Amino acid sequence: MALQLWETLQQAITAYTGLTPATFFTALAFGLAIYYLLSSMFGPSDPPPRPRSFEEEVQPLPPPVQLGEVGEEELKQYDGSDPKKPLLMAIKGQIYDVSQSRMFYGPGGPYALFAGKDASRALAKMSFEDKDLTGDISGLGPFEMEALQDWEYKFMSKYVKVGSIKKEVPVTDGSSSEQPATENGDAKPATTEADDAKPAEDAPSTAVEHNEVPPTSVESKED
């Protein structure tokens with residue numbers, strides 16, 4: 001069977017090319033050699049190196065780092081401006097690592113202004129105004145609170161919680177001291193040692209003077 005196919009192929013080569021089978025295969029091998037030689041000389045070189053930004057995107061994300069309690073000013077350092085730091089965002093005082101969604105919350109993303117902040121009020125109202133970029137949710141309606149709850153569930157299920165926002169306690173001035181009150185309810189002025197040591201100006205230095213002369217004992221003689 002194979003011999004018959006070879007004889008048929010030889011006849012076909014001779015009929016269509018006018019060459020003997022040996023000449024045909026020699027010319028075919030020579031042509032392939034020239035093709036590979038020209039391809040190696042004038043073909044495309046090695047592919048250009050990929051941009052560094054692309055390499056950074058395909059690198060695996062580092063594991064989330066737990067921060068604990070941080071202030072709002074410290075949270076602003078994780079807004080995505082520094083690519084070496086994680087991308088963080090807070091909702092209802094809880095901080096989440098949203099680095100895996102950098103294309104949304106990172107610089108240039110549609111929600112970039114929420115990064116590094118507690119944007120609970122803005123998420124509840126779906127607002128992009130600066131005045132709503134706060135964690136204060138007082139005065140929100142039931143529908144806004146429901147929308148905020150949906151956002152919180154999404155963050156809890158998709159992102160890792162890495163900390164919470166530290167609540168700042170207002171510092172009061174404790175230098176002022178209360179003065180004792182008098183019987184009328186007014187504050188009694190504080191006295192100093194100099195006032196205590198000062199003698200009373202109105203106090204007489206001798207016994208109390210009277211205008212009347214004290215009576216003396218007069219001996220009376222009876223006639």
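Fair warning: this is a prediction, and the values are worked out from it, not measured in the lab.
Partners of Ser138 by side-chain hydrogen bond (donor to acceptor under 3.5 Å, both in side chains), not counting sequence neighbours, listed by chain and number: Asp136. Every side chain to side chain contact (heavy atoms under 4.5 Å, CB included) that Met145 has, sequence neighbours left out, goes to Ile137, Leu140. Partners of Ser81 under the side chain to side chain contact (heavy atoms under 4.5 Å, CB included) rule, at least two apart in sequence or in another chain, are Asp79. With sequence neighbours excluded, no residue forms a ring pair (Phe, Tyr, Trp, His ring centres under 6.0 Å) with Tyr78. When the ring pair (Phe, Tyr, Trp, His ring centres under 6.0 Å) test is applied to Tyr96, the partners found at least two apart in sequence or on another chain are Phe155. Scored by the side chain to side chain contact (heavy atoms under 4.5 Å, CB included) test, Thr26 finds no partners at all (sequence neighbours excluded). For the salt bridge (Lys or Arg N to Asp or Glu O under 4.0 Å) test, residues two or more places apart in sequence or in another chain that qualify with Lys76 are Glu73.
The closest donor-acceptor contact from the side chain of Ser164 to the backbone of Glu69 lies at 3.5 Å or more, if one exists at all.
Val162 has its side chain out of reach of Val65: every pair of non-hydrogen atoms, C-beta onward, lies at least 4.5 Å apart. By the 4.5 Å heavy-atom criterion applied to side chains, Leu88 and Leu67 are counted as neighbours. Side-chain contact between Pro64 and Tyr159 is absent, with no heavy-atom pair separated by less than 4.5 Å.
The two residues Pro86 and Ser99 come nearest to each other via the heavy atoms CA-OG, 3.6 Å. Of all the heavy atoms in Ala124 and Ala147, the pair that sits closest is O-CB, 3.9 Å.
The salt bridge (charged side-chain N to carboxylate O under 4.0 Å, His left out) pairs that include a residue from residues 141-150 number zero, where partners must be two or more places apart or lie in different chains. Among residues at least two apart or in separate chains, salt bridge (charged side-chain N to carboxylate O under 4.0 Å, His left out) pairs with a member in residues 80-109 are Lys92-Glu152. Sequence neighbours left out, not one pair with a member in residues 154-164 passes salt bridge (charged side-chain N to carboxylate O under 4.0 Å, His left out).
Here the CD atom belonging to Glu74 is positioned 8.5 Å from the CD1 atom belonging to Ile95, to the nearest 0.5 angstrom. The line from NZ of Lys125 to CG of Leu148 is 12.5 Å long, rounded to the nearest 0.5 Å. Considering CH2 of Trp151 and CG of Leu123, their distance stands at 5.5 Å, rounded to 0.5 Å.
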Could you give the side-chain donor-acceptor pairs of residues 112-119 under 3.5 Å, partners two or more places apart or in another chain?
unit_1, atom_1, unit_2, atom_2, d
Lys117, NZ, Leu113, O, 3.1
Asp118, OD1, Ser120, N, 3.2
Asp118, OD1, Ser120, OG, 2.6
Asp118, OD2, Gly93, N, 3.0

What pairs of donor and acceptor atoms, side-chain ones from residues 126-133 against any protein atom, are under 3.5 angstrom apart with sequence neighbours left out?
unit_1, atom_1, unit_2, atom_2, d
Ser127, OG, Glu129, N, 3.2
Ser127, OG, Asp132, OD2, 2.6

